[in-house]
Participant: 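Handing you a structure now.
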Amino acid sequence: MGKLVVHQDKVTDIKAMISICPFNALEEKDGKLEVNAGCKLCKLCVKKGQPGAMEYVEEEVKSVDKSLWNGITVYVDHVNGEIHPVTYELLGKAGELAKKINHPVYAIFIGSDIEKKAEELLHYGADKVFVVDAPELKEFQMESYTAAFETFVNEVKPSAILVGATPVGRQLAPRVASRFNTGLTADCTILDIHENTDLVQIRPAFGGNIMAEILTPNSRPQLATVRYKIMDAPERSADAKGEIVKISVPAEKLKTRTQVLGITQKQKEKSIENADILVVAGRGLKKKEDLDLVKELADALGGDIACTRPLAEAGWLDAKHQIGLSGRTVRPKLIITCGVSGAIQFVAGMNNSDNIFAINTDPNASIFKVANYAVIGDIYDVIPKLIEQVKQGKGVKA
């Protein structure tokens with residue numbers, strides 16, 4: 001990575017230089033030419049601008065001593081001490097990664113009156129649970145939680161940090177990454193690690209057309225967020241192995257400029273994320289009214305209806321019914337896809353389902369690559385027959 005440097009003594013016509021940039025990244029300020037945040041580093045101003053006025057300078061890449069950073073850490077996502085299940089899934093993955101490089105597994109638990117709940121994490125493979133317990137951390141507040149997290153990183157120096165892609169995790173992870181000028185990969189679907197402790201972070205990119213493999217080789221810690229139900233949670237061990245370590249943060253560091261005046265509990269609603277059986281409508285449906293057919297099958301099976309992104313964007317179903325990286329991640333016992341092609345982003349949101357039953361007229365549809373059972377046929381012929389069989393107590397069993 002580099003930056004543009006303006007040599008003011010070589011700028012003879014500021015307006016002419018400004019007109020060169022297609023991104024409006026050059027501007028005049030106090031009679032001088034400056035580069036603003038709109039710069040895309042296309043270097044057009046260097047090539048087409050006044051001779052010597054602009055220069056692209058490569059920034060020196062500073063290497064990090066990776067031996068000073070040790071351990072795979074999981075951020076403990078919770079509400080009032082009630083630990084979110086994604087934490088246990090990440091502890092399972094952290095254990096796999098740590099074993100490859102002979103590192104310990106850590107958990108960072110931030111909150112108020114949480115020390116007693118921390119022991120539960122020792123049943124899921126954490127070697128050490130670092131607890132930051134303070135009254136100021138009772139409610140989640142960005143400034144105080146970031147300060148507590150920063151203190152943990154400075155003291156422990158973990159090599160990699162895994163964070164659940166929850167509403168809290170999505171806010172907290174980028175701020176921690178910014179504090180340490182390090183990278184963060186969001187919504188990873190696959191995680192691996194090299195012998196040199198570089199975390200391999202894989203996620204769909206460019207609209208799901210490719211799977212990007214991302215590394216952070218020149219900085220530590222490495223951060224990644226992972227959605228709920230992407231990884232496998234380990235079995236709970238009978239014995240609590242490991243230890244709980246307290247970390248104290250000075251009260252002045254936990255001060256925040258915001259104040260929580262009150263908390264309104266969101267009304268609980270039925271979510272496809274917790275469904276055991278899902279029937280998914282795809283672009284194979286000809287019109288919105290045909291959703292009734294898909295819903296009839298879901299009702300017959302005692303399941304819920306879901307959809308792909310195009311149907312949610314068209315307004316056929318609410319976005320809360322959408323499966324995929326831009327929707328919900330699900331892991332039902334049975335999922336039946338109806339006219340779904342199987343784009344990467346959709347598959348990433350459901351490929352850990354126990355049984356995948358796919359219906360599509362195209363024998364080369366991508367969905368068949370992950371399906372346990374494949375039916376090549378028209379959904380308008382297949383679904384009514386399935387409904388009939390289910391109602392008669394034959395054929396499909398959850």
Side-chain angles (χ1 to χ4, degrees), residues 1-5 37 39-43 56-75 86 89-108 125-128 130 146 149-165 169-227 230-231 325 344-345 348:
M1 196 60 149
K3 62 180 180 179
L4 287 173
V5 176
C39 181
K40 309 296 182 186
L41 293 178
C42 68
K43 306 176 193 174
Y56 178 77
V57 179
E58 287 282 359
E59 292 182 337
E60 183 182 354
V61 177
K62 296 180 180 179
S63 60
V64 63
D65 186 350
K66 298 173 184 178
S67 66
L68 299 177
W69 299 80
N70 188 59
I72 309 295
T73 293
V74 172
Y75 170 71
V86 72
E89 294 180 358
L90 295 181
L91 281 171
K93 175 53 67 173
E96 294 175 19
L97 299 173
K99 190 175 181 180
K100 288 187 175 183
I101 57 175
N102 197 28
H103 274 213
V105 175
Y106 298 146
I108 171 64
D127 296 305
K128 287 185 180 181
F130 293 88
T146 303
F149 212 135
E150 181 183 17
T151 300
F152 160 76
V153 174
N154 283 326
E155 291 189 13
V156 180
K157 292 190 177 299
S159 179
I161 302 172
L162 309 182
V163 181
R170 289 181 186 278
Q171 297 176 69
L172 189 56
R175 284 166 173 81
V176 174
S178 179
R179 292 284 176 100
F180 293 92
N181 195 28
T182 189
L184 165 66
T185 303
D187 287 334
C188 295
T189 57
I190 301 172
L191 293 173
D192 201 353
I193 201 161
H194 291 320
E195 289 183 4
N196 67 352
T197 72
D198 282 353
L199 185 66
V200 182
Q201 304 149 87
I202 300 174
R203 58 150 295 152
F206 293 102
N209 293 315
I210 66 168
M211 294 297 285
E213 185 175 298
I214 301 167
L215 301 175
T216 312
N218 300 314
S219 61
R220 290 292 186 270
Q222 306 161 92
L223 277 91
T225 63
V226 182
R227 284 194 177 196
I230 288 289
M231 306 297 178
L325 288 183
I344 292 175
Q345 285 197 327

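One is the number of the first residue; the rest follow in order along the sequence.
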Participant: Which atom names give the shortest non-hydrogen contact between Leu184 and Ala173, and what distance separates them?
Facilitator: CD2-C, 3.9 Å

Participant: Rounded to the nearest 0.5 Å, how far does CZ of Phe180 lie from OG of Ser178?
Facilitator: 10.5 Å

Participant: I'd like to know if the side chain of His103 reaches the main chain of Gly71, judged simply by a donor and an acceptor atom lying under 3.5 Å from each other, with no hydrogens or angles considered.
Facilitator: yes

Participant: Any side-chain heavy atom of Leu191 within less than 4.5 Å of one from Leu162?
Facilitator: yes

Participant: Grab the two heavy atoms, one from Pro158 and one from Trp69, that are nearest each other, plus how far apart they are.
Facilitator: O-CE3, 3.1 Å

Participant: For a quick test of reading the model, state the closest non-hydrogen atom pair linking Pro104 to Ala98 and the distance between them.
Facilitator: O-CB, 4.1 Å

Participant: From Leu90 CG over to Thr73 OG1, what is the distance, rounded to the nearest 0.5 angstrom?
Facilitator: 11.5 Å

Participant: Once rounded to the nearest 0.5 Å, what's the spacing between atom SG of Cys188 and atom CD1 of Ile230?
Facilitator: 10.0 Å

Participant: Evaluate whether atom NZ of Lys99 has more than 12 neighbouring non-hydrogen atoms of other residues, nucleotides or ligands under 6.0 angstrom away.
Facilitator: no

Participant: Please give me the minimum heavy-atom distance between Ser219 and Val64, naming the atom from each residue.
Facilitator: N-CG1, 3.9 Å

Participant: Checking side chain to side chain contact (heavy atoms under 4.5 Å, CB included) against Thr182, which of Thr216, Val153, Asn218 comes through?
Facilitator: Thr216

Participant: Could you measure the distance from the OG1 atom of Thr151 to the CZ atom of Arg179? Nearest 0.5 Å is fine.
Facilitator: 9.0 Å

Participant: Please confirm whether the backbone N or O of Gly164 pairs with a side-chain atom of Glu89, one donor and one acceptor, at under 3.5 Å?
Facilitator: no

Participant: Using ring centroids (six-membered ring only for Trp), state whether Phe149 and Tyr75 fall under 6.0 Å.
Facilitator: yes

Participant: Looking at Asp192, Thr185, Thr225, Asp187, which hits side-chain hydrogen bond (donor to acceptor under 3.5 Å, both in side chains) with Gln201?
Facilitator: Thr185

Participant: Mark yes or no for whether Glu150, through its side chain, and Val176, through its backbone, hold a donor-acceptor pair below 3.5 Å.
Facilitator: no

Participant: Can you name the closest pair of heavy atoms from Ile193 and Lys100 and give their distance?
Facilitator: CG2-CB, 4.0 Å

Participant: Report yes if some heavy atom in the side chain of Thr189 is under 4.5 Å from a heavy atom in the side chain of Pro204; otherwise report no.
Facilitator: yes

Participant: Taking Arg220 for the side chain and Lys66 for the main chain, is one N or O donor matched with an acceptor at less than 3.5 Å?
Facilitator: no

Participant: To the nearest 0.5 Å, what is the distance between CD1 (Ile72) and NZ (Lys93)?
Facilitator: 11.0 Å

Participant: For the residue pair Leu91 and Ala126, what are the closest heavy atoms and their distance?
Facilitator: CD2-CB, 4.2 Å

Participant: If you draw a 6.0 Å radius around CG in Asn154, do more than 12 non-hydrogen atoms from other residues or ligands fall strictly inside?
Facilitator: yes

Participant: Looking at CG of Asp198 and CD1 of Ile101, how far apart are the two atoms once the value is rounded to the nearest 0.5 Å?
Facilitator: 9.5 Å

Participant: Can you tell me if CG on Asp65 sees more than 12 non-hydrogen neighbours from other groups inside 6.0 Å?
Facilitator: yes

